[in-house]
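To start, the structure under review is shown below, and the notes come after it.
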Amino acid sequence: MGAKESLPGDGPAPELHHYYSKFMRECPSGQLSLHEFKKLLGLQGLDQQGDIYIKRVFDIFDLNQDGFIDFLEFIAAINLVIRGKIDQKLKWYFKLYDADGNGCIDKKELLSIFTAIQAINGHTNMSAEEFTNMVFQKIDVNNDGELTLEEFISGVERDEDLMELITKSFDLSNVLKVIQSGRRHSV
C-alpha cells in the first residue's frame, strides 16, 4: 500500500474534498435552500408529515438560521451524523423533537416527528403511538408529560433497547449515502 492511499478514518481530507465538490456541483451558489436540500436527497413530493421532518432537519443544520445551509454547516452536520459522540447525537435528536423550541418534548411533538420519520424511512415494527408511549413510560421520570434535555439524554443512555431504537429510527446515514453517491440525480 503506497503512502498516499488513505483508509477511511485516516482523516477528513479526501472525504471533505469529495463532499465539497459534490456540494458545489449541486449548489453552485454555496447556499443550499430547503428546496435544493430536498432535491439533493431526492425527497421531493413527500407527504405533509415527511415535509415537516425534512424542514426540521434542515432548520437544525442551518446553524445561523439564515434559511440556507452553507458548506460549513453542511460539514458540521455530516460530521455529527458520522462521527458525533452519542450525547451530541442525543442533543441533536432532542432539538429535532422539540418542535416549538421550548426546551421540552411533549408527546404530541414526539408523535408528530416519529410519524414524519416513518413516512420517509417506512420501516418500523411499532406504530408512532406505541413508540411515543414507550419513550415516555421509560424516561419521563417525574411523569409530567414532558421530557427535558436531561431526562431525555439520561433516560436514553440508561436504556440500551431505547438507545438502539432511537439510533436506528433516526439514522441519517441513508441520507448521507444519497449525498455521497448522488445517483438519484445523474441525468
Side-chain angles (χ1 to χ4, degrees), residues 8 11-106 108-124 128 131 149 152 166-187:
E15 204 175 280
L16 267 180
H17 177 73
H18 169 79
Y19 282 124
Y20 186 70
S21 55
K22 172 83 178 140
F23 185 85
M24 293 316 284
R25 194 168 58 242
E26 292 286 339
C27 179
S29 69
Q31 299 273 299
L32 197 60
S33 68
L34 178 60
H35 175 74
E36 290 166 320
F37 183 66
K38 283 186 190 169
K39 195 174 145 222
L40 178 72
L41 301 176
L43 293 173
Q44 305 102 311
L46 291 171
D47 63 13
Q48 193 186 355
Q49 286 289 352
D51 266 346
I52 292 168
Y53 172 63
I54 290 301
K55 170 95 173 82
R56 296 279 311 136
V57 171
F58 181 87
D59 288 345
I60 292 168
F61 285 178
D62 178 13
L63 299 171
N64 65 0
Q65 300 296 298
D66 65 355
F68 294 95
I69 296 175
D70 63 31
F71 184 67
L72 287 174
E73 290 169 331
F74 182 70
I75 285 302
I78 283 175
N79 229 359
L80 173 81
V81 174
I82 295 176
R83 298 200 177 84
K85 293 190 176 63
I86 197 66
D87 59 331
Q88 291 173 307
K89 288 184 180 181
L90 289 174
K91 274 186 189 141
W92 190 86
Y93 295 143
F94 185 87
K95 264 172 109 174
L96 186 62
Y97 305 137
D98 182 14
D100 61 9
N102 71 348
C104 287
I105 303 170
D106 60 37
K108 200 170 135 253
E109 288 173 319
L110 189 57
L111 186 64
S112 88
I113 206 75
F114 195 70
T115 307
I117 287 165
Q118 281 182 319
I120 292 173
N121 288 350
H123 58 81
T124 180
F131 173 79
L149 179 62
F152 181 70
I166 283 184
T167 309
K168 267 194 190 139
S169 307
F170 305 101
D171 180 13
L172 288 174
S173 55
N174 297 342
V175 168
L176 289 182
K177 279 183 200 130
V178 172
I179 293 172
Q180 280 178 312
S181 67
R183 276 193 206 103
R184 286 191 183 175
H185 308 290
S186 41
V187 214

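Within a 6.0 Å sphere centred on NZ of Lys89, heavy atoms belonging to other residues, nucleotides or ligands number more than 12.
Annotation: the span from Ile60 atom CD1 to Phe94 atom CZ amounts to 11.0 Å, rounded to 0.5 Å. The CG atom of Leu149 sits 8.0 Å away from atom CD1 of Ile105, with the distance rounded to the nearest 0.5 Å. Separating the CG atom in Asp66 from the CG atom in Leu63 is a distance of 9.5 Å, to the nearest 0.5 Å. Atom CG of Leu72 and atom CG of Asn64 lie 10.0 Å apart (nearest 0.5 Å).
Residues Leu32 and Phe61 are not in side-chain contact: their nearest non-hydrogen atoms beyond the backbone lie 4.5 Å or more apart. Residues Trp92 and Val57 form a side-chain contact, since some pair of their non-hydrogen atoms from C-beta on lies under 4.5 Å apart. At a threshold of 4.5 Å between non-hydrogen side-chain atoms, the residues Glu36 and Ile69 do not count as touching.
Residues satisfying the salt bridge (charged side-chain N to carboxylate O under 4.0 Å, His left out) criterion with Asp59, sequence neighbours excluded, are Lys55. Considering only residues two or more places apart in sequence or on other chains, Phe71 meets the ring-ring contact (aromatic ring centres under 6.0 Å, His included) condition with Tyr20, Phe23. The side chain to side chain donor-acceptor pair (under 3.5 Å) check on Gln31 picks up nothing, with sequence neighbours excluded.
Considering every non-hydrogen atom in both Phe152 and Leu90, the closest pair reads CE2-O, 3.4 Å. In terms of heavy-atom proximity, Lys85 sits nearest to Gln88 at N-OE1, 2.7 Å. Counting all heavy atoms, side chain and backbone alike, Asp98 lies closest to Glu109 at OD1-OE2, 3.5 Å.
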